[in-house]
Amino acid sequence: MGDTMINVAKDFSRAPAGRFITDGPNSGTRFRNQFLLPALQNGTGVITVELDGVRAYGSSFLDEAFGGLKRAGFAAAELMKRLTFRSSDPSLVAEIKGYIS
Amino acid sequence: MADAATYLQFSFVVPAGLTVVGWFVVARQADRREFRKEVREQLKELRTSTDEIRTRASAYWLSDDPAVAGPLAIGLSSEVKRLGRYARNLEAAGLNFDSTLYMVDVRRDATGGQFQSRSRIRSADDEDRLDDLSGSLEDLISAADAAFYEEFHPKRRHSWLRWMPLVGTLFLSRD
């Protein structure tokens, strides 16, 4: 399967917030279940996540969305290999890589 | 006679050269002073932003009112994003410091844990979080300050080369 692009602001929400479904409609859990997990499970290509365009990210969202992938059973090596990130803020990418490595 | 004529013809070269080179040195120093002022302004904005984050983080994490939690959370995460931009501006200006890991710590301390959780209940851990955040912000400011003084060391502010145009002009006027 080919590569996939996920644009958080355009495909998901410009205001991601919170960890769990009970926290609101744009939670880290919903992003992980609706976008990241299907992309990882349905192919072998690289998944590029475009992070720009969002109002702001909370670490709680990032931890649940990306750190939750490891808790869902994905190996760190596979996540580091298949997930790439585009952002004008290198600290966001560094933080997410900290959660998935 | 030929020697005297040659001397007279080219006697202005050295003083003129000193003057021109001196002008370049002074112009460069003036540019550097302006640049230093701009970087200081950016540093001031960075500090103001860190103060704002402390205020907004205290308001959010120490509040018991769920009605205001949403707007307070948005304000806090937006300010953290703004701080990151100020830090990157300083790096882009040429300061030798990498804000990446400092910003990761600031964002985690300000917006980690149960941030934006509807079931969040205020606890003693929230005050520890604010202490950690204060530490992260101080680390960022210290790193930025250290990079500023490395680039604009007080001892390197003045140079004897700034007297070159005057020396060149004095030689020229003697001729």
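Note on naming: letters A, B, ... go to the chains in the order of the sequence lines (proteins, then strands), and numbering restarts at 1 for each one.
- B:Leu62 and B:Ile121 are members of different hydrophobic clusters when ILVMFWY side chains are connected at heavy-atom separations under 4.5 Å.
- A:Leu51 and B:Leu83 fall into different hydrophobic clusters, where Ile, Leu, Val, Met, Phe, Trp and Tyr side chains are chained together by heavy-atom contacts under 4.5 Å.
- Judged by distance alone, the side chain of A:Ser59 and the main-chain N or O of B:Gly112 form no donor-acceptor pair under 3.5 Å.
- Between A:Gly24 and B:Arg118, the shortest heavy-atom contact is CA-NH2, 3.8 Å.
- When every heavy atom of A:Ser91 is checked against every heavy atom of B:Val104, the shortest pair comes out as O-CG2, 3.4 Å.
- Checking each of B:Arg85, B:Arg107, B:Met103 against A:Asp89 for a side-chain contact (heavy atoms from CB on, under 4.5 Å) leaves exactly one that passes, namely B:Arg107.
- Closest heavy-atom contact between A:Ala94 and B:Thr100: CB-CG2, 3.6 Å.
- In terms of heavy-atom pairs under 4.5 angstrom with chain B, the leader among A:Gly98, A:Ser27, A:Ala17 is A:Ala17.
- Considering only heavy atoms from C-beta on, A:Asp23 stays 4.5 Å or farther from B:Gln116 through its side chain.
- The shortest non-hydrogen separation linking B:Ser77 to A:Ala56 is O-CB, 3.5 Å.
- Around atom NZ of A:Lys70, more than 12 heavy atoms belonging to other residues, nucleotides or ligands sit under 6.0 Å away.
- The environment of CZ in A:Phe66 is crowded: more than 12 heavy-atom neighbours from other residues, nucleotides or ligands sit within 6.0 Å.
- Judged by distance alone, with hydrogens and angles left aside, the side-chain atoms of A:Arg19 form no donor-acceptor pair with the main-chain N or O of B:Phe115 at under 3.5 Å.
- Annotation for B:Asp51: atom CG counts as buried by contact number, over 12 foreign heavy atoms lying within 6.0 Å.
- Within a 6.0 Å radius of CZ in A:Arg86, no more than 12 heavy atoms belonging to other residues, nucleotides or ligands are found.
- Residue B:Leu76 does not touch chain A at all, counting heavy-atom pairs closer than 4.5 Å.
- Contact of the A:Pro90 side chain with the B:Arg88 side chain is registered, since non-hydrogen atoms from C-beta on lie closer than 4.5 Å.
- Two different hydrophobic clusters hold B:Leu140 and B:Leu101 under the rule that ILVMFWY side chains link at heavy-atom gaps under 4.5 Å.
- Atom CZ of B:Phe24 has 12 or fewer neighbouring heavy atoms from other residues, nucleotides or ligands inside a 6.0 Å radius.
- Between the side chain of B:Lys81 and the main chain of A:Tyr57, no donor-acceptor pair closer than 3.5 Å is present.
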